[in-house]
Asks: 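The structure follows.
Scope of the values below: all heavy atoms of this structure, side chains included, with no hydrogens, waters or symmetry mates. Computed from a prediction, not measured in an experiment: that's the story for all the values here.
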Amino acid sequence: MVERGDEAPLLRWAEGPAVSPPLAPDPQAGGRGWGGGRGGRAAVEPPRRREPEELGPSQVLLQPGRLELGDVEEDQVVAVFVVTFDPRSGNMVEWCLPQDIDLEGVEFKSMASGSHKIQSDFIHATHWVYFSYFRKGPFFGLACFANMPVESELERGARMKSVGILSPSYTLLYRYMHFLENQVRHQLETPGHYSHLAAFYEDKKGVLCASPGSGGSLPPVYWLPSIHRYMYPEMKITHPAGCMSQFIKFFGEQILILWKFALLRKRILIFSPPPVGVVCYRVYCCCCLANVSLPGIGGTVPESKPFFYVNVADIQSLEVEVSYVACTTEKIFEEKRELYDVYVDNQNVKTHHDHLQPLLKINGADREKYRRLNEQRQMLLYSQEVEDDYNPCEEDLFVLFFLEQNNRIFQTLLEVSASQDKTLTAEHARGMGLDPQGDRSFLMDLLEAYGIDVMLVIDNPCCP
């Protein structure tokens with residue numbers, strides 16, 4: 001069964017074209033028919049490949065450090081689709097609404113490479129299910145894949161389906177996990193019945209609005225640095241309970257290596273065999289490491305965007321990205337070094353860039369931070385045992401730990417840059433929780449990436 005959600009803080013993205021309710025909703029849709037029960041029989045459409053639309057060039061303006069001030073995002077979906085695996089033709093979009101939306105590549109993102117080889121992520125009586133998160137242009141997607149043994153020579157003994165949605169916001173996706181799981185089961189047992197999905201789309205659909213005179217360009221992407229300012233109760237369960245605790249246990253001290261690369265806005269690619277659901281959450285956790293809430297920080301660096309699951313169909317998109325965090329099940333990416341700066345294979349973090357090699361070494365300051373993080377976690381667990389009315393979230397502690405660490409570093413750098421001599425000393429480095437020698441290369445890269453005018457006077461131990 002799907003794990004229970006927790007109260008972890010969210011990556012608050014408000015991205016893509018503005019979405020507003022349709023002016024004239026279809027009165028025949030019923031609106032709530034997708035919530036339960038079986039609908040009437042719909043016409044069975046044969047599987048078909050989708051031809052991509054001619055889309056005009058559009059760019060997302062990234063403005064790190066800005067807050068989006070507003071209400072909770074409206075509960076809207078811009079597309080719903082069914083993907084099937086055809087033994088003769090491969091993955092293809094079988095059905096979708098709206099019918100004219102560009103879904104090129106979604107058939108591969110919804111069924112990760114190697115999916116047919118696994119049998120369980122969440123086990124059910126007659127079939128197996130897993131979820132994958134991904135990006136499609138300016139939208140975030142969530143798809144639920146399942147397979148089921150069938151006595152059919154045409155399907156070669158196994159039926160594979162994936163049901164998914166696209167939304168303007170990552171934080172909305174979790175609401176539909178249970179619905180998608182039910183619908184993929186429905187599609188396996190009664191293929192071609194789309195009435196529930198159609199009613200769901202009519203109830204939740206949004207209208208893409210291009211701003212006047214913008215030529216279809218997209219509005220800025222916003223990042224929420226402060227994790228507690230907009231923690232709405234219904235938006236706290238975007239990922240499974242213990243997600244970040246598992247992240248810490250899995251990588252151990254190496255989370256400090258990932259932290260440095262994330263703060264430097266490097267292109268981080270995480271490899272793992274399927275299922276990809278757990279690895280998508282590692283992308284989420286990795287992005288949380290680089291949160292900064294000080295005003296004026298990040299104006300010269302691109303925002304680190306969570307791409308979640310990517311495959312060979314995304315190569316062209318990744319070629320133009322200067323900063324991202326993503327995961328893949330395709331080993332061929334390891335050979336395409338031009339696409340990434342940091343490659344994570346299981347618990348092995350590596351980079352092919354010579355100037356980044358020093359950042360792979362754990363130093364004394366890293367070990368001290370890891371010790372303090374675990375110490376705070378143990379104190380939190382103890383307080384939860386002895387105080388029934390005190391129930392803070394371990395995930396909050398994780399994000400706040402790195403948020404405060406990042407703020408301390410940039411606060412010191414800003415103060416030094418505003419001083420008369422602009423000199424950053426070993427004492428400053430220790431005050432920021434860094435190793436003056438072991439983190440010298442990291443500090444130099446940080447100053448360059450963020451355009452902070454400071455003179456580093458810490459000696460290089462490799463030079464006499």
Side-chain angles (χ1 to χ4, degrees), residues 1-8 10-11 29-39 72-83 95-97 106 109-112 115 118-134 139-148 159-191 193-206 232-243 274-281 284 308-309 395:
M1 59 182 293
V2 180
E3 296 184 69
R4 176 181 57 84
D6 66 356
E7 296 183 351
L10 300 171
L11 299 181
R32 294 179 175 80
W34 54 269
R38 300 202 174 193
V72 185
E73 299 112 317
E74 292 188 42
D75 194 10
Q76 293 170 334
V77 168
V78 297
V80 59
F81 56 87
V82 178
V83 170
W95 176 90
C96 70
L97 281 178
V106 164
K109 293 175 178 287
S110 302
M111 291 186 180
S115 298
I118 67 166
Q119 285 199 325
S120 65
D121 185 4
F122 304 105
I123 301 176
H124 296 265
T126 58
H127 59 276
W128 297 269
V129 177
Y130 77 76
F131 293 90
S132 61
Y133 291 84
F134 56 90
F139 302 116
F140 292 87
L142 173 63
C144 184
F145 166 84
N147 61 14
M148 181 178 72
R159 182 175 299 155
M160 303 182 211
K161 301 276 187 180
S162 186
V163 178
I165 58 172
L166 295 180
S167 170
S169 172
Y170 168 70
T171 60
L172 296 178
L173 296 177
Y174 82 92
R175 302 180 182 180
Y176 308 120
M177 293 180 76
H178 185 63
F179 172 72
L180 294 177
E181 185 178 349
N182 286 337
Q183 287 305 304
V184 78
R185 181 187 300 117
H186 181 64
Q187 290 299 316
L188 287 174
E189 296 171 353
T190 55
H193 290 208
Y194 309 119
S195 57
H196 292 170
L197 293 171
F200 168 81
Y201 174 71
E202 288 299 323
D203 187 51
K204 298 296 183 182
K205 69 179 179 181
Y232 301 97
E234 68 271 27
M235 294 170 59
K236 290 182 179 179
I237 54 174
T238 304
H239 57 274
C243 167
V276 297
V278 174
V279 194
C280 286
Y281 294 130
Y284 171 90
F308 299 103
Y309 176 70
E395 326 302 28

Asks: For Tyr133 together with Tyr284, are the ring centres under 6.0 Å from each other?
Replies: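 No, they do not, as the ring centres are separated by 6.0 Å or more.
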
Asks: Enter the distance from Ser110:OG to Met160:CE here, rounded to the nearest 0.5 Å.
Replies: 14.5 Å

Asks: Measure the spacing between CE of Met148 and NZ of Lys161 and express it to the nearest 0.5 Å.
Replies: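 Spacing of CE (Met148) from NZ (Lys161) equals 9.5 Å.
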
Asks: Atom CD of Glu181 and atom NE2 of His186: how far apart are they, to the nearest 0.5 Å?
Replies: 15.0 Å

Asks: Report the relative orientation of the aromatic rings in Phe179 and Phe200; use parallel for angles under 30°, tilted for 30 to 60°, perpendicular for over 60°.
Replies: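 Judged by the thresholds at 30° and 60°, the geometry between Phe179 and Phe200 is parallel.
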
Asks: Please find the pair of heavy atoms, one from Ser132 and one from Val276, that lie closest to each other, and give the distance.
Replies: CB-CG2, 3.4 Å

Asks: Over all heavy atoms of both residues, which pair between Tyr176 and Gln76 is shortest? Give the atoms and the distance, please.
Replies: OH-N, 4.4 Å

Asks: Taking the six-membered ring for Trp, are Phe81 and Phe134 parallel (under 30°), tilted (30 to 60°) or perpendicular (over 60°)?
Replies: tilted

Asks: Specify the closest pair of heavy atoms between Leu173 and Ser167, including all atoms of both residues, with the distance to one decimal.
Replies: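 Nearest heavy atoms, Leu173 then Ser167: CD2-CB, 3.8 Å.
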
Asks: For Leu188 and Ala146, which heavy atoms make the closest approach, and how far apart are they?
Replies: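 Looking at all heavy atoms of both residues, the closest pair is CD1-CB, 3.6 Å.
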
Asks: Are Phe145 and Val184 side-chain neighbours, meaning at least one heavy-atom pair lies under 4.5 Å?
Replies: no

Asks: Out of curiosity, His193 NE2 to Gln187 CD, how far, rounded to the nearest 0.5 Å?
Replies: 8.5 Å

Asks: Rounded to the nearest 0.5 Å, how far does CD1 of Ile165 lie from SG of Cys96?
Replies: 14.5 Å

Asks: Between CH2 of Trp95 and CG of Leu197, what distance do you get to the nearest 0.5 Å?
Replies: 5.0 Å

